[in-house]
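Report on one structure; see the data block that follows.
When reading the values below, keep in mind they use all heavy atoms of this one structure, side chains included, and skip hydrogens, waters and symmetry mates. Nothing fancy with the numbering, it's 1 onward along the sequence.
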Amino acid sequence: MDVHPNIDTCIAHARPRVAVSSCLLGEPVRFNGGHSRDRLLAGPLSEFVDWVPTCPEIAIGLGTPRETLRLERAPGGPRLVTRKTRKDLTEPMTSLGAAKAATLDVDGYVFKSKSPSCGIHGIPVYAGDAAADRRNRGVFAAEIIDAHPLLPVEDEGRLHDDVLREVFLERIFAHARLRALLRDGVRPDVLVAFHSRHKMQILAHDPAAYGRMGRLVACAGVRGGDRLVALYADEFRTALAARATIGRNVNVLHHCLGMVSDHLDPVRRADLVEVIHEYQVHLVALSVPIALLRHHARGAAAAYLRAQTYLSPYPHELGLRNHVPS
Ligand code: SF4
């Protein structure tokens, strides 16, 4: 297949820009002058990701050390309040979040867990001394997420779970490739080539979006234009936000098998079918049939399969997809 040369660069070298709560990288910005350095984020992931750190509490003018904050129940919604002096910081924190959200140009966001400013899950709202409700987000994080509902977001605690980390990393690398594509304007042939590389990955996440995106791309040469590209980008982000279930992966693995089937002898073909079945019944991890497909995709006849981002959605050094589904 003829593929625009820029696509190779944009797919192979796209490096995610990811916003992060500063304290997670080891910056001494916490209320007590300490940090919450996360060994995964500040360590191995730093080799593959450009971090964009922000500490919203420092950004609204609080220093270190400082009073701790909490969310408190109030008639118009939770307020962000200093614990002892009872200063209400909701307004400056909301304004900061809205301003950041308006200029945010990143592929994902990693927030610090359990923070009334940065937390994204289970932040308590207090009524008196008791936590009345634990289903809230931090004030800053809520502004970002409300403004960017398709942005991949996680907190550092959840990223230590293999499955959640894999989902997040797959999405930020996909967003980075899309950002690289959109950066210089998109010719119809480039959009077609980009979509062609992502077909199996999109199908594994969202078969309905796969159909819609195929129809959009088919019109690229006819009506093209910025609106079509914007629609495509939205569909792409939406598709990647859907979960790639075992059933969808099995379907895609069989599609991939079909692309190389004619070039395999019966024994190798049967091996691949068996390994896909073993993945389906939770005996092996997704990495096993993927590794076999990558091996069979080496020949010239398998160039289309080899180019699929599904086989390499992020750098293999990250070593994911190694958990057996349960
Ligand atoms: S959790 Fe957020 S507000 Fe708190 S120190 Fe870390 S970056 Fe700053």
Side-chain angles (χ1 to χ4, degrees), residues 9-30 34-56 58-59 100-101 104-115 117-122 137-138 140-141 144-145 148 150-181 183 198 201 204-205 236-237 240-241 243-244 285-287 290-291 294 309-325:
T9 312
C10 115
I11 286 183
H13 302 297
R15 186 176 162 93
R17 267 169 62 82
V18 180
V20 61
S21 300
S22 306
C23 56
L24 292 173
L25 296 185
E27 293 183 22
V29 292
R30 291 194 68 208
H35 58 74
S36 304
R37 184 179 188 279
D38 183 272
R39 58 187 162 74
L40 172 71
L41 304 181
L45 268 190
S46 293
E47 290 177 32
F48 301 97
V49 163
D50 291 329
W51 295 118
V52 183
T54 298
C55 173
I58 294 290
K100 280 276 179 196
L104 202 64
D105 180 24
V106 294
D107 304 308
Y109 209 127
V110 182
F111 289 101
K112 170 76 181 74
S113 60
K114 300 177 185 165
S115 156
S117 303
C118 289
I120 57 172
H121 297 289
R137 291 177 178 145
F140 177 79
I144 301 288
I145 293 170
H148 297 279
L150 294 177
L151 185 72
V153 299
E154 267 304 351
D155 68 40
E156 87 291 357
R158 286 166 52 96
L159 286 182
H160 285 270
D161 176 285
D162 288 348
V163 176
L164 296 176
R165 186 168 69 255
E166 177 179 320
V167 168
F168 181 74
L169 291 178
E170 183 179 353
R171 286 182 70 197
I172 62 170
F173 276 92
H175 276 236
R177 293 192 293 270
L178 181 69
R179 189 165 50 82
L181 173 81
R183 193 169 41 217
H198 286 86
Q201 193 177 9
H205 281 269
F236 184 86
R237 295 185 187 104
L240 268 291
R243 189 158 160 251
L286 181 58
S287 58
I290 292 282
R294 270 213 294 260
T309 57
Y310 181 71
L311 297 189
S312 306
Y314 35 67
H316 69 270
E317 293 93 327
L318 288 169
L320 301 171
R321 286 177 155 182
N322 285 327
H323 50 274
V324 177

(Q) Taking the side chain as everything from C-beta on, heavy atoms only, tell me whether F236 gets closer than 4.5 Å to L181. (A) no

**Q.** All salt bridge (charged side-chain N to carboxylate O under 4.0 Å, His left out) counterparts of R179, not counting sequence neighbours
**A.** D107

Q) So how far is it from E170 CD to T309 OG1, rounded to the nearest 0.5 Å? A) 8.0 Å

Q.
For a side chain to side chain contact (heavy atoms under 4.5 Å, CB included) check, start with the C-alpha distance between L25 and H35, then their side-chain angles and the critical distance, and finish with the verdict.
A. CA-CA 8 Å; L25 296 185; H35 58 74; over 6 Å; no

Q.
Which heavy atom of G119 sits nearest to which heavy atom of A141, and what is that distance?
A. O-CB, 3.5 Å

(Q) Given 3.5 Å as the limit, does a donor-acceptor pair link the side chain of H148 with the main chain of A101, or not? (A) yes

Q. Does R243 reach the main-chain N or O of V167 with its side chain, forming a donor-acceptor pair under 3.5 Å?
A. no

Q | Straight-line distance of F111 CZ to H121 NE2, nearest 0.5 Å | A | 10.5 Å

(Q) So does V52 get a backbone contact from the side chain of R17, meaning a donor-acceptor N/O pair under 3.5 Å? (A) no

Q: State whether the side chain of R15 and the backbone N or O of V49 hold a donor-acceptor pair below 3.5 Å, judged by distance alone.
A: yes

Q: Examine distances only and state if a side-chain atom of R165 and a backbone atom of L159 form a donor-acceptor pair shorter than 3.5 Å.
A: yes

Q. Heavy atoms, side chains only, cut-off 4.5 Å: are F173 and P313 in contact?
A. no

Q) Between CZ of R294 and OH of Y310, what distance do you get to the nearest 0.5 Å? A) 11.0 Å

Q: May I have the step-by-step check of side chain to side chain contact (heavy atoms under 4.5 Å, CB included) for R158 and F168, ending in yes or no?
A: CA-CA 10 Å; R158 286 166 52 96; F168 181 74; over 6 Å; no

Q.
Within the 4.5 Å heavy-atom criterion, are L45 and L169 side-chain neighbours or not?
A. yes

Q: Please round to the nearest 0.5 Å and tell me the distance separating atom OG of S115 and atom CG of L24.
A: 9.5 Å

**Q.** Test item: S21 side-chain N/O and P53 main-chain N/O as donor-acceptor pair under 3.5 Å
**A.** no

Q.
Apply side chain to side chain contact (heavy atoms under 4.5 Å, CB included) to residues S36 and K112 and explain how you reach the verdict.
A. CA-CA 8 Å; S36 304; K112 170 76 181 74; 3.4 Å; yes

Q | Stepwise side chain to side chain contact (heavy atoms under 4.5 Å, CB included) test for T54 and Y109 | A | CA-CA 10 Å; T54 298; Y109 209 127; 4.1 Å; yes

Q: Of all the heavy-atom pairs spanning S117 and P56, show the shortest one and how long it is.
A: CB-CG, 4.3 Å

Q. Does the side chain of C23 come within less than 4.5 Å of C55's, by heavy atoms?
A. no

Q) Can you find a pair of side-chain heavy atoms, one from I290 and one from L311, that are under 4.5 Å apart? A) yes

Q | Spacing of CD belonging to E154 relative to CG belonging to L41, to within rounding of 0.5 Å | A | 11.0 Å

Q: May I ask you to decide if V110's main-chain N or O and E156's side chain share a donor-acceptor pair within less than 3.5 Å?
A: no

Q. How long is the gap from CG on D38 to CG on D155, to the nearest 0.5 Å?
A. 10.0 Å

(Q) Show the nearest heavy-atom pair for residues G26 and R37, with the distance to one decimal. (A) CA-CB, 3.8 Å

